[in-house]
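Reviewing the structure listed below.
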Protein chains: 2
Amino acid sequence: MSKTTPTFQLPLGVRLDIPQITYLKDPESSDLGRRIVTGSIELMDEIGFDDFTFKRLSNSIDTTEASLYRYFENKHKLLLYLTTWYWYWLEYRLVFGLANLTDPKEKLVKAIQMLTEEVQQDSYFAHIDETKLHRIVINESSKTYLTRMVDEENKMGAFRGFKRVVALVSSIVMELNKNFKYPHMLISTVIEGAHHQRFFAEHLPSLTDKVRGEDPISSFYTMMVLQSIGYKK
Amino acid sequence: MSKTTPTFQLPLGVRLDIPQITYLKDPESSDLGRRIVTGSIELMDEIGFDDFTFKRLSNSIDTTEASLYRYFENKHKLLLYLTTWYWYWLEYRLVFGLANLTDPKEKLVKAIQMLTEEVQQDSYFAHIDETKLHRIVINESSKTYLTRMVDEENKMGAFRGFKRVVALVSSIVMELNKNFKYPHMLISTVIEGAHHQRFFAEHLPSLTDKVRGEDPISSFYTMMVLQSIGYKK
DNA sequence: TAAGTTTCAATAGTGTTACTATCATTATCG
DNA sequence: CGATAATGATAGTAACACTATTGAAACTTA
């Protein structure tokens with residue numbers, strides 16, 4: 001037992017098994033590691049990925065640059081770790097949230113909801129602020145793959161988290177319409193689209209639409225999916 | 001008359017009026033300026049925005065770093081210039097391509113086509129390779145707004161080009177269904193979505209779908225738009 | 001043709017970032 | 001208690017993103 005942060009037992013003994021390409025040393029394995037994760041979410045949410053540096057992070061969590069490099073090769077890999085964590089967490093919540101449902105339409109609607117809505121919950125996992133992490137995913141996650149290293153990193157499984165979520169929800173689409181030709185395109189469009197729309201709503205509102213009394217982003221994508229797969233009431 | 005590059009008269013005397021926030025000195029106003037634009041498209045397409053530096057550009061077009069800084073404040077602004085150019089060019093083509101059509105459905109289908117298909121044409125404008133520029137837009141355009149400076153740059157009109165394209169096509173959507181609640185969301189989803197899907201098709205294929213004998217990206221988004229606005233044959 | 005003005009090249013220099021390396025110190029664990 | 005792993009402290013390097021200054025062409029206008 002560590003004497004500093006309490007070793008919080010994850011719900012149901014779950015442990016998110018993040019691919020190793022993202023880190024050099026598992027940040028879950030030490031107190032410093034967890035502080036790096038906590039602190040980087042805090043700082044990146046505050047100043048954004050571009051201004052985020054290992055120097056600033058080391059100051060804010062009171063350690064040294066050199067120590068950070070023992071856990072993560074560079075800040076890009078750290079972002080990859082954080083976003084991957086988010087996808088695995090989302091997958092976990094999806095599987096859990098859909099477990100008891102039998103009606104495929106209901107399953108799909110709930111899944112789309114979970115993919116597109118804002119994250120309110122907090123403290124599922126001790127040292128991670130999911131709300132802040134979600135904002136980071138909205139603002140920065142495209143930057144994980146829009147790089148020269150995509151192909152190489154992809155080979156090593158860096159994007160497995162995102163792919164699994166897409167595959168999971170696509171399979172529900174196929175339950176509802178087995179002749180649908182574009183399930184993956186549809187779902188990856190929804191996920192990335194919802195992120196961009198949240199960004200637009202905050203910064204470039206003329207690229208979105210506001211509707212009183214509802215979350216237009218969730219509503220729009222739910223409607224869009226059902227219409228696209230030709231769902232009849 | 002300049003003695004170096006021939007002063008190519010733009011089709012119909014059109015001149016794309018790119019907002020000034022993107023540049024310090026109009027690159028259309030000199031030979032060096034045009035070489036910067038040509039060379040940056042070439043180089044950025046080749047090595048990507050992240051590895052692209054003013055030093056490398058100055059070497060490749062045989063000028064100095066300092067000279068580049070006279071035209072563009074930094075490489076971010078240069079990317080902004082290039083993508084804005086692309087949006088204005090697209091808007092121009094859209095207006096032109098839809099001019100003779102009266103049936104709103106036909107107009108919408110053609111517009112979606114133009115928004116989502118690959119750019120084959122070339123040499124509309126003398127010193128710009130539109131095919132390479134389109135690849136840059138696909139790979140890098142999200143980076144123009146996913147920054148800390150969005151709000152500030154937006155105030156100064158930096159994203160007018162994108163907004164105008166979205167507004168233009170949204171208005172066609174509204175012609176077809178005046179009660180539709182999410183025209184801007186729909187169209188900005190299509191544009192950004194199509195870019196991402198092209199990227200996925202090349203690098204992360206399990207996030208897309210392939211269909212023999214058609215361009216699945218154009219087909220998917222055309223279908224998606226028509227279904228979403230509830231178009232009945 | 002001379003003078004002014006714009007344009008660009010050349011060079012140098014600064015602060016910051018993204019690392020890498022080394023060695024001392026402190027926990028942890030068998 | 002001794003070994004080993006984890007961290008801290010410090011230093012240093014190469015590249016990058018600029019800024020500043022000066023001087024030479026070239027082009028413009030009187």
Side-chain angles (χ1 to χ4, degrees), chain A residues 1-7 22-40 43-44 47-81 140 143-144 147-149 153, chain B residues 1-5 7 22-40 43-44 47-81 127 140 143-144 147-149 153:
Chain A
M1 280 288 139
S2 159
K3 65 179 157 82
T4 47
T5 357
T7 17
T22 64
Y23 57 82
L24 294 171
K25 180 179 168 174
D26 186 358
E28 291 293 332
S29 71
S30 75
D31 181 60
L32 179 63
R34 285 183 292 268
R35 273 166 52 220
I36 293 174
V37 171
T38 309
S40 62
L43 185 61
M44 213 180 279
I47 66 174
F49 180 70
D50 295 341
D51 291 347
F52 176 95
T53 68
F54 272 16
K55 176 145 221 87
R56 294 179 83 160
L57 178 58
S58 68
N59 288 335
S60 80
I61 63 169
D62 207 52
T63 181
T64 60
E65 241 184 306
S67 296
L68 299 178
Y69 280 104
R70 287 197 194 95
Y71 284 85
F72 296 99
E73 213 182 317
N74 50 49
K75 74 169 180 170
H76 172 253
K77 287 288 173 69
L78 173 52
L79 177 61
L80 205 49
Y81 178 86
E140 323 287 2
K143 296 172 188 168
T144 57
T147 70
R148 287 275 120 178
M149 303 93 79
E153 291 182 346
Chain B
M1 279 289 138
S2 159
K3 63 178 158 72
T4 46
T5 357
T7 17
T22 63
Y23 56 82
L24 295 171
K25 180 179 168 172
D26 185 359
E28 291 294 331
S29 71
S30 75
D31 182 59
L32 178 63
R34 286 183 291 269
R35 274 166 50 221
I36 293 173
V37 171
T38 310
S40 63
L43 185 60
M44 214 180 278
I47 66 174
F49 180 69
D50 295 342
D51 291 346
F52 177 95
T53 69
F54 272 15
K55 177 143 221 90
R56 292 179 84 159
L57 178 58
S58 68
N59 287 335
S60 81
I61 62 170
D62 208 50
T63 183
T64 61
E65 240 185 305
S67 297
L68 300 178
Y69 281 104
R70 283 199 203 94
Y71 286 84
F72 296 99
E73 212 182 318
N74 49 49
K75 73 169 181 169
H76 172 252
K77 288 287 172 70
L78 173 52
L79 177 61
L80 205 49
Y81 178 86
H127 58 294
E140 324 286 2
K143 296 172 188 167
T144 58
T147 70
R148 287 275 122 179
M149 304 93 80
E153 292 182 346

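A note on names: the letters A, B, ... follow the listed sequences, proteins ahead of strands, and every chain is numbered from 1.
Phosphate contact (OP1/OP2 of dC8(C), side-chain N/O of Ser67(B), threshold under 4.0 Å): absent. Contact annotation: Thr63(A) reaches the phosphate of dG8(D) (side-chain N/O to OP1 or OP2, under 4.0 Å). Taking only side-chain nitrogens and oxygens, Thr64(A) never comes nearer than 4.0 Å to OP1 or OP2 of dT7(D). In terms of phosphate contacts, Lys75(A) brings a side-chain nitrogen or oxygen within less than 4.0 Å of OP1 or OP2 of dA18(C). The side chain of Lys25(A) places an N or O atom within less than 4.0 Å of a non-bridging phosphate oxygen (OP1 or OP2) of dT7(D). Residue Ser30(B) places at least one side-chain N or O under 4.0 Å from the OP1 or OP2 atom of dC8(C). Between Tyr71(A) and dT7(D) there is a side-chain polar atom (N or O) within less than 4.0 angstrom of OP1 or OP2.
Between the CG atom of Leu68(B) and the C1' atom of dA9(C) there is a distance of 12 Å, rounded to whole Å. The CZ atom of Arg56(B) sits 15 Å away from the C1' atom of dA17(D) (whole-angstrom rounding). Regarding Glu65(B), its CD atom lies at a distance of 10 Å from the P atom of dC18(D), rounded to whole Å. Protein atom OH of Tyr69(B) is 11 Å distant from nucleotide atom P of dC16(D), rounded to whole Å. Phe54(A) has its CZ atom 14 Å from the C1' atom of dT20(C), to the nearest Å. Atom-to-atom, CG of Asp26(B) to P of dT7(C) comes out at 11 Å; the value is rounded to the nearest Å. As rounded to whole Å, 20 Å separates atom P of dT16(C) from atom NZ of Lys55(B). If you measure from atom NE2 of His76(B) to atom P of dC16(D), you get 19 Å, rounded to the nearest angstrom.
Of the candidates dC16(D), dA10(C), dT7(D), dT7(D) carries the atom nearest the Leu32(A) side chain, counting heavy atoms from C-beta on.
Looking only at atom types and distance, the side chain of Ser40(B) has no donor-acceptor partner in the side chain of Tyr81(B) under 3.5 Å away.
Here the side chains of Phe54(B) and Leu68(B) are in contact, with some heavy-atom distance below 4.5 Å. A heavy-atom distance below 4.5 Å is not found between the side chains of Tyr71(B) and Tyr23(B).
The side-chain tip of Lys75(A) does not point at the ring of Phe52(A) from less than 6.0 angstrom away and within 45° of straight on.
Here Asp62(B) does not pair with Arg35(B) in a salt bridge; the nearest charged N to carboxylate O distance is not below 4.0 Å.
Ranked by how close their nearest DNA chain C nucleotide is to the 5' end, Ser29(B) and Ala66(B) are led by Ser29(B).
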